Amino acid sequence: MAKRDLYEILGVAKNATQDELRKAYRKMAMKFHPDRNPDSKDAEEKFKEAKEAYEILSDEQKREAYDRYGHAGVDPNAGMGGMGGGMGGAGFGDAFGDIFGEIFGGGGRRGGGPQVYRGADLRYALDISLEQAAAGFDTEIRVPSWENCETCSGSGAKPGTSAQTCRTCQGSGAVRMQQGIFSMQQTCPTCHGSGKEIPDPCVACHGEGKVKKTKTLQVKIPAGIDDGMRIRSSGNGEPGVNGGPAGDLYVEIRIKPHGIFQRDGEDLHCELTIPFTTAALGGTVEVPTLNGRGEITIPEGTQVGKTFRLRGKGIKGLRSSYPGDLYCHIQIETPVRLNDEQKTLLRQFEQALSDGGVKHSPKSESWTDKVKSFFS
Ligand SMILES: [Zn+2]
Ligand SMILES: [Zn+2]
């Protein structure tokens, strides 16, 4: 199907001013908008046609190409100008957004201009000790930062040269791709959305306009923080693209394993090894806590695996008013490298136990009873 003349579509003269084009297009858009003509294939076609015509004629560069070469000058499929910025658009929106928002009261997307993106978030793993996590502390971390290139003052162009409007997208930063009846907007592959091309890039920054450095950040680690928690440092991520906002920096806390304590939320657990004599006779033993030494009274006849709780000797969580507890799990140690005298004493002790006629071993006796009843 031969394409109609763009001026004819909009019903304007070849020398129409931008204002006249705009008015003509508004009139067509009002008349043929699909919302006002549901189910009318004809209106939809006219609407698309007008939109396409206006997209070309409202752009000085494209209008010039059209005037000179006709449709071949602006048709993306004709091989001139590659993916021809903003061309071939059959969808509803975009280049059209400005006017449309005006007519139908909002919803119009900001048309044209470079594509703006938020910078990526950065993650920083910070290894800290259990003591630091419990008490909180202030620290400094070194993170990447980006500064304007001094050589080119951030322009990305070699000194003495300058950036030019991208020829692929005519500076809009986006191109349209036709997919069936849908037209999709994509970031311009040539300029990556900046709308600019740098023919002669700055050597120092390779045309980026910025250089990567490091900066020192103060980080406040709150008391009670736990493994895997993240602290957000707003705006300290990667810089945005084309003036978009920077991303955030996330400091992820990793608590190093502790030689004595295992943490379980706000509680702490530790193993407490005591001599078998203390376990048998009872006594007082010293226990380590995160804030100094504590003491536990071991009662007579304490068995292995018994747990003692020290109230409030755990960790105060981020949102808690009281600290958790410290649980000491008893281990009993068997003495090694006994000399002859010690062995003799133990044998005498063993004999004394069996001569006494009293039950001394609650566990093994109950086990012996179980075995007996099992076989009987
Ligand atoms: Zn471009
Ligand atoms: Zn530079």
Side-chain angles (χ1 to χ4, degrees), residues 127-135 223-229 253-376:
D127 292 305
I128 64 172
S129 69
L130 184 63
E131 286 87 343
Q132 286 172 325
I225 198 155
D226 208 346
D227 192 61
M229 285 180 174
I253 298 299
R254 297 197 307 206
I255 299 179
K256 293 180 266 191
H258 195 275
I260 296 170
F261 302 109
Q262 285 92 50
R263 180 174 179 176
D264 177 18
E266 297 177 11
D267 293 330
L268 290 175
H269 295 262
C270 73
E271 266 189 7
L272 186 62
T273 302
I274 58 173
F276 84 109
T277 45
T278 309
L281 303 172
T284 304
V285 292
E286 196 174 74
V287 293
T289 73
L290 270 187
N291 35 21
R293 292 152 194 270
E295 262 186 6
I296 293 180
T297 302
I298 304 288
E300 222 181 279
T302 292
Q303 302 294 332
V304 72
K306 166 103 179 149
T307 300
F308 294 93
R309 181 170 70 166
L310 277 84
R311 235 177 236 282
K313 294 291 182 189
I315 288 173
K316 198 167 132 209
L318 282 181
R319 287 171 206 84
S320 313
S321 333
Y322 301 101
D325 303 327
L326 168 63
Y327 292 88
C328 298
H329 303 268
I330 296 296
Q331 294 292 322
I332 294 170
E333 198 155 50
T334 305
V336 295
R337 287 195 297 237
L338 299 177
N339 62 26
D340 288 345
E341 192 194 346
Q342 290 159 338
K343 284 179 188 169
T344 305
L345 282 170
L346 273 185
R347 285 196 192 99
Q348 287 171 4
F349 171 68
E350 190 183 30
Q351 189 60 45
L353 287 184
S354 54
D355 290 350
V358 182
K359 295 186 170 188
H360 298 289
S361 313
K363 263 201 182 137
S364 58
E365 274 151 19
S366 77
W367 184 78
T368 312
D369 290 343
K370 274 183 201 159
V371 173
K372 272 184 195 158
S373 65
F374 178 76
F375 284 118
S376 62

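Every value quoted in this text rests on a predicted model; they were computed, and no experiment measured them.
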Item checked: Shortest non-hydrogen contact from I260 toward P288 -> CG2-CG, 3.9 Å
Notebook entry, point to check: What are the two closest non-hydrogen atoms of A134 and A223, and how far apart are they?
Noted result: O-CB, 3.4 Å
In a table with atom names and distances, give each donor-acceptor pair under 3.5 Å that connects a side chain of residues 344-351 to protein atoms at least two apart or in another chain.
| from | atom 1 | to | atom 2 | distance (Å) |
| --- | --- | --- | --- | --- |
| T344 | OG1 | D340 | O | 2.7 |
| Q351 | NE2 | D355 | OD1 | 3.0 |

Checklist line | Step-by-step side chain to side chain contact (heavy atoms under 4.5 Å, CB included) determination, D226 to I253 | finding: CA-CA 7 Å; D226 208 346; I253 298 299; over 6 Å; no
Notebook entry, point to check: Do I332 and I274 pass the side chain to side chain contact (heavy atoms under 4.5 Å, CB included) test, and can you show the C-alpha distance, the side-chain angles, and the key distance before you say yes or no?
Noted result: CA-CA 5 Å; I332 294 170; I274 58 173; 4.1 Å; yes
Item checked: side-chain contact (heavy atoms from CB on, under 4.5 Å) against A133, all qualifying residues, sequence neighbours excluded -> I128, I225, I255, R263
Check: Who passes side-chain contact (heavy atoms from CB on, under 4.5 Å) against K313, sequence neighbours left out?
Finding: T289, N291, L310, L326
Next item on the list: Check salt bridge (Lys or Arg N to Asp or Glu O under 4.0 Å) between D227 and all other residues, then give those that pass, not counting sequence neighbours.
Entry: none
Check: With sequence neighbours left out, what residues match D264 under salt bridge (Lys or Arg N to Asp or Glu O under 4.0 Å)?
Finding: none
Item checked: By side-chain hydrogen bond (donor to acceptor under 3.5 Å, both in side chains) - contacts of S320 (at least two apart) -> E266
Margin query: Cation-pi check for F374 against K372: NZ or CZ below 6.0 Å from the six-membered ring centre and within 45 degrees of the axis, yes or no?
Written below: no
Margin query: For H269, give me all partners under ring pair (Phe, Tyr, Trp, His ring centres under 6.0 Å), at least two apart in sequence or on another chain.
Written below: Y327, H329
Note to self: Tell me every residue that passes side-chain hydrogen bond (donor to acceptor under 3.5 Å, both in side chains) with E131, counting only those two or more places apart in sequence or in another chain.
What the structure shows: H258
Notebook entry, point to check: Quick one: are I315 and L130 in side-chain contact, heavy atoms under 4.5 Å?
Noted result: yes
Item checked: Whether over 12 other heavy atoms sit under 6.0 Å from Q303 CD -> yes
Notebook entry, point to check: Can you list the residues that meet the side-chain contact (heavy atoms from CB on, under 4.5 Å) rule with E271, with sequence neighbours excluded?
Noted result: Q331
Margin query: Using every non-hydrogen atom in the two residues, find where G312 and P323 come nearest and quote the distance to one decimal.
Written below: O-CG, 3.5 Å
Notebook entry, point to check: Does any non-hydrogen side-chain atom of L290 lie less than 4.5 Å from one of F261?
Noted result: yes
Notebook entry, point to check: Under the salt bridge (Lys or Arg N to Asp or Glu O under 4.0 Å) rule, what pairs show up with a residue in residues 324-338, not counting sequence neighbours?
Noted result: R309-D325
Check: Between K256 and D127, does a salt bridge (charged side-chain N to carboxylate O under 4.0 Å, His left out) hold up when you go through it step by step?
Finding: CA-CA 6 Å; K256 293 180 266 191; D127 292 305; over 6 Å; no
Check: Would a 4.5 Å heavy-atom cut-off, applied to side chains only, mark I330 and T307 as touching?
Finding: no
Next item on the list: Before giving the answer on side chain to side chain contact (heavy atoms under 4.5 Å, CB included), spell out for T284 and I296 the whole-Å C-alpha distance, their side-chain angles and the decisive distance to 0.1 Å.
Entry: CA-CA 6 Å; T284 304; I296 293 180; over 6 Å; no
Notebook entry, point to check: Of all residues at least two apart in sequence or in a different chain, which pass the salt bridge (Lys or Arg N to Asp or Glu O under 4.0 Å) check with E286?
Noted result: R293
Note to self: Which residues pass the side-chain contact (heavy atoms from CB on, under 4.5 Å) test with T277, not counting sequence neighbours?
What the structure shows: P275
Item checked: Side chain to side chain, L281 and I298, heavy atoms closer than 4.5 Å -> no
